[in-house]
Amino acid sequence: MNSAPHVPFLDLVTPHQELESELVQVFRATLGTAGFIGGPMVEEFERAFAGFCDTSYCIGTSNGTDALTMALIAAEVKPGDAVITVPNTFIATVEAISHAGGVPKFVDVDERTYNVDVEKLREFVKTKCVVDGGSGRLITYDDRRPVTAIVPVHLYGQMADMDAICDLADKYNMIVVEDACQAHGAEYFSRKTGRWMKAGSIGRAAAFSFYPGKNLGACGEAGAVTTNDSNVAAKVRMLRDHGQAKKYYHDLEGYNGRLDALQAGILSLKLKHVPRWNECRRSHAQKYNELFAGMSAAVGTPYEPSWSKAVYHLYVVRVEDREAVQASLARESIGTGIHYPIPLHLQKAYAGLGYRSGDLPVSEALATQILSLPMFPQMTLLQQARVANNLFKRTGSKVLEAGAMGR
Ligand SMILES: *Cc1c(COP(=O)(O)O)cnc(C)c1O
């Protein structure tokens, strides 16, 4: 009895069909010059994306993971340094820390925002670190490493509490590098500056991913670093191009980490639509919240503090009995995801870091309850109603008719 229309978790086909003729023009223009790597299309996108993020600089890169790695190196994280981040993120956050030579130290997240818990960050500093008398810098208590950086992750499109994070970082001379890979256009009201600030504009540097499914996605792999620091910008520019500022004169050892022209052209084109797409996502999130309001005990909806304007890369709810709920939605042809099923400190890849189950209880509990519902700009009210109705059914609450939900 699967006659009901499919609700995909994410529809990447429709937006590309809508933009097809413009996208083809970008490809034609690239073929016309054969300027596939670097060049004016990349520079144009970098200017536009820096403008979008309210930053002085944007440096296009091969992907978000490389962007974060190079941002950390350029911000002067040194091999052997301890770098603080959270365990409930995509593995790329921690891969980048390791690739930059850092050693990840996990701090648990806030029960409501799912982003780093600033109280636990302070507690980490107080109980797991000592302050070096000479430099005033933090040293980890157990493995005696200088703690030089914090990587807050703006998970699901909502920014972490940056004022509190930056205050603590300033106090101990730590660098803040934002993982903004899910947060293109997200905003944070900074009580320090008295204004709304864009994701990617607050830390020393930030990394963005343009993986196809992100709020701004390429037709392939792409990423960027944003920063207001000219030294960091210059260093990332060199790092992404084998450490050279002039061809074959390598001042340092770098990477093949460039953004190609075709992707840059596509990103410039799509960037114009991102503010509208983000508004659609926000309004879909609002609608989901309304649909779930009557069943708040059974479905935990996302929490958006007054200082946050989230862009809902993902709309994540908490449910008991998650596997059964996901399976029953799948039977109704409703796509869902889990971001992420295993916190990083418990992944095999990081067994060597020595964490154990129970060390980061909020992240561990979340991993068993979170469920990402369908979320994409082109989603219809009818599709949202189908998702809600099936969740209602599953959790035993009242089933509403789509027609009864107005608009
Ligand atoms: C997507 C993502 C990345 C990595 O980006 P890629 O472009 O896939 O390399 C890093 N961190 C987070 C939180 C992400 O969601």
Side-chain angles (χ1 to χ4, degrees), residues 9-10 12 45 49 58-73 83-100 102 104 106-107 109 113-116 149-160 162 165 176-186 199-200 203 205-226 236 239-240 255-260 263-264 266-267 270 274 281 310-316 337-345 347 349-350 363 366-367 370 372 375-376:
F9 174 61
L10 169 65
L12 276 182
F45 171 68
F49 196 68
C58 165
I59 305 95
T61 64
S62 37
N63 56 60
T65 313
D66 290 351
L68 189 54
T69 304
M70 294 189 285
L72 288 166
I73 295 170
V83 177
I84 301 171
T85 193
V86 288
N88 62 327
T89 175
F90 182 51
I91 190 171
T93 310
V94 176
E95 285 176 326
I97 291 170
S98 302
H99 294 165
F106 293 113
V107 169
V109 295
T113 64
Y114 312 156
N115 280 328
V116 67
I150 306 175
V151 180
V153 180
H154 305 319
L155 200 70
Y156 309 149
Q158 171 153 276
M159 289 180 69
M162 293 301 288
I165 294 165
V176 177
V177 176
E178 299 166 64
D179 182 338
C181 287
Q182 299 188 359
H184 319 68
F208 286 88
S209 165
F210 306 121
Y211 187 77
K214 303 291 165 98
N215 288 29
L216 172 59
C219 297
E221 303 272 3
V225 173
T226 56
V236 173
L239 283 170
R240 74 169 172 183
Y255 297 84
N256 178 353
R258 296 166 301 230
L259 172 63
D260 68 67
Q263 299 306 338
I266 287 166
L267 289 167
K270 287 191 176 181
V274 170
R281 287 172 183 275
V311 293
Y312 294 92
H313 170 57
L314 296 170
Y315 183 90
V316 178
I338 298 172
H339 302 88
Y340 297 90
I342 302 178
L344 294 177
H345 68 290
Q347 294 278 2
Y350 294 119
S363 297
L366 281 177
I370 45 176
S372 308
M375 170 56 82
F376 48 92

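Everything numeric in this text was worked out from a predicted model, so none of it was measured. Atoms within each ligand, like the ligands themselves, are counted from 1 in listed order. Keep in mind that the numbers below use all heavy atoms, side chains included, and drop hydrogens, waters and symmetry copies.
- Rounding to the nearest 0.5 Å places CG of L259 at 7.0 Å from CZ of F45.
- Outside the 6.0 Å centre-distance limit, the rings of H339 and Y156 are not counted as a close aromatic pair.
- Near T89, the atoms of ligand 1 lying under 4.0 angstrom from a non-hydrogen atom of the residue are 13 (C).
- Among all heavy-atom pairs drawn from P152 and M162, the shortest one is CG-SD, 3.9 Å.
- Of all protein heavy atoms, the one closest to atom 8 (O) of ligand 1 is S209 OG, 3.9 Å.
- Among T65, T93, N63, the residue whose heavy atom sits closest to atom 4 (C) of ligand 1 is T65.
- The protein atom (non-hydrogen) at minimum distance from atom 14 (C) of ligand 1 is K214 NZ, 3.2 Å.
- Within 6.0 Å of CZ in F376 there are more than 12 heavy atoms belonging to other residues, nucleotides or ligands.
- Residue G64 has at least one heavy-atom neighbour below 4.0 Å for each of these atoms of ligand 1: 5 (O), 6 (P), 7 (O), 9 (O).
- The atoms of ligand 1 that sit less than 4.0 Å from any heavy atom of A92 are 3 (C), 4 (C), 10 (C).
- Scanning the protein for heavy atoms near atom 11 (N) of ligand 1, the closest one is D179 OD2, 2.8 Å.
- When only interatomic distances are considered, the shortest N/O to N/O separation between Q182 and ligand 1 falls below 3.5 Å.
- The shortest side-chain heavy-atom distance between V94 and F106 falls under the 4.5 Å cut-off.
- Put simply, the side chain of N88 never gets that close to the backbone of V109: no donor and acceptor are under 3.5 Å apart.
- T61 has its side chain out of reach of Y255: every pair of non-hydrogen atoms, C-beta onward, lies at least 4.5 Å apart.
- Atoms of ligand 1 found under 4.0 Å from any heavy atom of C181 (numbered from 1 in listed order, with element): 2 (C), 3 (C), 10 (C), 11 (N), 12 (C), 14 (C).
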